[in-house]
Amino acid sequence: MKQYLDLCQRIVDEGVWVDNKRTNKRCLTVINADLTYDVANNQFPLVTTRKSFWKSAIAEILGYLRGYQNAAQFRELGTKTWDANANENEAWLANPHRKGKDDMGLIYGALGRAYPKVTGGSVDLLKNIVDDLSNGIDNRGEILTFLHPGAFELGCLRPCMYEHHFSLLGDTLYLNSTQRSCDVPLGLNFNMVQVYVLLALMAQITGHKPGKAYHKIVNAHIYEDQLEPMRDIQLKREPFPAPKLIINPDIKSLEDIETWVTLDDFKVEGYEHHDAISYPFAV
Ligand SMILES: Nc1nc(=O)c2c([nH]1)NC[C@@H]1CN(c3ccc(C(=O)N[C@@H](CCC(=O)O)C(=O)O)cc3)CN21
Ligand SMILES: O=c1ccn([C@H]2C[C@H](O)[C@@H](COP(=O)(O)O)O2)c(=O)[nH]1
């Protein structure tokens, strides 16, 4: 939590105003931030200086792992967070590749689970990584990427956390996740949870101990209409100790994640938090 608040404070103190064409809003911006999560000791990086809707964050990562590309599928899992990008962005609504209401296009898991090969056909990056890690193999390139610049015009948004690289040291699994663009008040609140959960889940289904997750952010920003509540309310609050995340131990395979896992398989213990703050969302 301290590293999150330090980043927020750094943006407030040192950020530079940058215009953004896509959203038509200015952002106070810093470049480069590195966050680390101690998954081995179950230090769940949940924001405590406002109420965090952590179940929505887990629903998003489950949807990515399943290769979903429709906001209705995300709603069924338990989050409405993709509704606006699928249905309210003018550029996407006018895009001839959009297949109607709720379509998000070829993004995130839809790419990672069927990544187009240059020679034709596609490859399921996630399944290959799970198979390797389950057999104790780390080929130094166990990379789940959602980034395909040649497919940007086919999706409603370019992936923000676009790469997850897994590594084995003995029986311990590590994760390096990279994010190109980060809405610190809204998105990062979720992305920290997702990086943590991704390492915890992958360790569980491949039979390893989780170690640390390293989260690299390139462009970290606060939108102009989010600055006041961040600076004058959230940053004035004292954080509470980190809660713990409990994952159903019956989740044992990628197939389990694909078929029966729901948000009921995740519990948070000891979550003390301040009141909710509703931040504006830039579509
Ligand atoms: N501008 C922007 N910021 C983002 O963080 C973001 C996008 N766009 N587009 C794609 C996804 C969607 N994400 C979202 C979308 C909405 C919330 C949101 O409204 N969060 C509220 C309530 C969540 C709830 O009730 O479930 C929050 O207080 O955290 C968070 C992340 C993260 N991503
Ligand atoms: O997981 C996510 C997804 C999105 N975001 C934020 C980062 C930006 O504010 C917008 C995306 O806008 P771009 O113009 O495509 O950079 O969404 C996030 O923080 N986390």
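For ligands, and for the atoms within them, numbers begin at 1 and follow the listed sequence.
Closest approach of Thr48 to Phe240, counting heavy atoms only: OG1-N, 3.0 Å. Taking all atoms of both residues into account, the shortest heavy-atom contact from Arg98 to Leu93 is CZ-CD2, 3.5 Å. Nearest heavy-atom pair across Val47 and Met192 is CG2-CE, 3.7 Å. Residues Arg231 and Lys236 share a closest heavy-atom pair of O-NZ, 3.6 Å.
At a 4.0 Å heavy-atom cut-off, ligand 2 does not touch Gln194 at all. Residue contacts with ligand 1, taken as heavy atom pairs separated by less than 4.0 Å, involve Glu60 solely via side-chain atoms from C-beta onward. Contact annotation for Tyr162 and ligand 2: no heavy atom of the residue comes within less than 4.0 Å of the ligand. Residue contacts with ligand 1, taken as heavy atom pairs separated by less than 4.0 Å, do not involve Tyr279 at all. Neither the backbone nor the side chain of Phe190 comes within 4.0 Å of ligand 2, counting heavy atoms alone.
Interface of Tyr223 with ligand 2, defined as ligand atoms under 4.0 Å from a residue heavy atom, comprises 8 (C), 9 (O), 10 (C). Residue-ligand proximity, Ser56 to ligand 1, at heavy-atom distances under 4.0 Å covers atoms 24 (C), 26 (O). Numbered from 1 in the order shown, with element, the atoms of ligand 1 that lie under 4.0 Å from a heavy atom of Trp82 read 10 (C), 11 (C). For ligand 1 and Leu186, the ligand atoms under 4.0 Å from any heavy atom of the residue are 18 (C), 20 (N), 21 (C), 27 (C), 29 (O). Proximity to Gly187 (heavy-atom distance under 4.0 Å) selects the following atoms of ligand 1: 5 (O). Atoms of ligand 1 lying under 4.0 Å from at least one heavy atom of Asn189, given by number and element, are 29 (O). The distance from ligand 1 to the heavy atoms of Leu157 drops below 4.0 Å at these ligand atoms: 9 (N), 10 (C).
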> Should Asn191 and Gln194 be marked as a side-chain hydrogen bond (donor to acceptor under 3.5 Å, both in side chains) after you check the CA-CA gap, both sets of side-chain angles, and the distance that decides it?
Replying inline: CA-CA 5 Å; Asn191 296 137; Gln194 291 164 346; 2.9 Å; yes
> Would Asp83 and Arg75 satisfy salt bridge (Lys or Arg N to Asp or Glu O under 4.0 Å), going step by step from the backbone distance to the final call?
Replying inline: CA-CA 8 Å; Asp83 289 8; Arg75 284 198 298 279; 3.0 Å; yes
> Does the pair Phe166 and His164 meet the rule for a ring-ring contact (aromatic ring centres under 6.0 Å, His included), with working shown?
Replying inline: CA-CA 7 Å; Phe166 296 90; His164 302 282; 7.1 Å; no
> Under the ring-ring contact (aromatic ring centres under 6.0 Å, His included) criterion, do Tyr115 and His148 qualify, and how do the steps go?
Replying inline: CA-CA 9 Å; Tyr115 202 88; His148 192 325; 5.3 Å; yes
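The single protein non-hydrogen atom nearest to atom 25 (O) of ligand 1 is Phe53 CG, 3.8 Å, given as residue, atom name and distance. Given atom 17 (C) of ligand 1, the protein heavy atom at minimum distance is Thr81 CG2, 3.6 Å. If you check which protein heavy atom lies closest to atom 2 (C) of ligand 1, you get Phe281 CE1, 3.3 Å. Closest to atom 30 (C) of ligand 1, if we only count protein heavy atoms, is Phe190 CE2, 3.7 Å. With hydrogens left out, the protein atom closest to atom 6 (C) of ligand 2 is Asp183 CB, 3.7 Å, a heavy atom. When only non-hydrogen protein atoms are considered, atom 1 (N) of ligand 1 lies nearest to Ala282 O, 2.9 Å. Remark: minimum distance from atom 7 (C) of ligand 2 to any protein heavy atom is reached at Ser181 OG, 3.4 Å.
Taking hydrophobic clusters as Ile, Leu, Val, Met, Phe, Trp and Tyr residues chained together by side-chain heavy-atom distances below 4.5 Å, Leu254 shares a cluster with Phe266.
The N/O atoms of Asn191, backbone and side chain alike, include one that comes under 3.5 Å of an N/O atom in ligand 2. Among the atoms of Arg22, some N or O lies under 3.5 angstrom from an N or O of ligand 2. Between His221 and ligand 2, at least one pair of N/O atoms sits closer than 3.5 Å. In terms of N/O distances under 3.5 Å, ligand 1 is approached by Asn85. For a threshold of 3.5 Å applied to N or O pairs, the pair formed by Arg180 and ligand 2 contains at least one separation below that value. The distance criterion of under 3.5 Å between nitrogen or oxygen atoms is met by Asp183 with respect to ligand 1.
The number of heavy-atom neighbours closer than 6.0 Å to NZ of Lys209, taken from other residues, nucleotides and ligands shown, is 12 or below. For Asn24, the CG atom counts as loosely surrounded, since its 6.0 Å shell holds 12 or fewer non-hydrogen atoms of other residues, nucleotides or ligands. Within 6.0 Å of CD on Gln9 lie more than 12 heavy atoms contributed by other residues, nucleotides or ligands. The number of heavy-atom neighbours closer than 6.0 Å to NZ of Lys25, taken from other residues, nucleotides and ligands shown, is above 12.
Put simply, no part of Lys55 is less than 4.0 Å from ligand 1, judged by heavy atoms. Close to ligand 1: Arg50, with a non-hydrogen atom less than 4.0 angstrom away. Look at Phe281 and you'll find every heavy atom at least 4.0 Å from all atoms of ligand 2.
The side chain to side chain donor-acceptor pair (under 3.5 Å) with Asn248 is formed by just one residue from the set Asp264, Asp256, Asp265; it is Asp265. The ring pair (Phe, Tyr, Trp, His ring centres under 6.0 Å) test with Tyr108 singles out one residue from Phe74, Tyr68, Trp82, and that residue is Trp82.
Among Cys182, Ala220, Gly187, Cys160, the residue whose heavy atom lies closest to atom 5 (N) of ligand 2 is Cys160.
With ring centers used as reference points, His165 lies 6.0 Å or more from Tyr174.
Put simply, atom 33 (N) of ligand 1 has no protein non-hydrogen atoms near it, under 4.0 Å away.
Looking at Lys216 and Asn176, their side chains never come closer than 4.5 Å, going by heavy atoms from C-beta outward.
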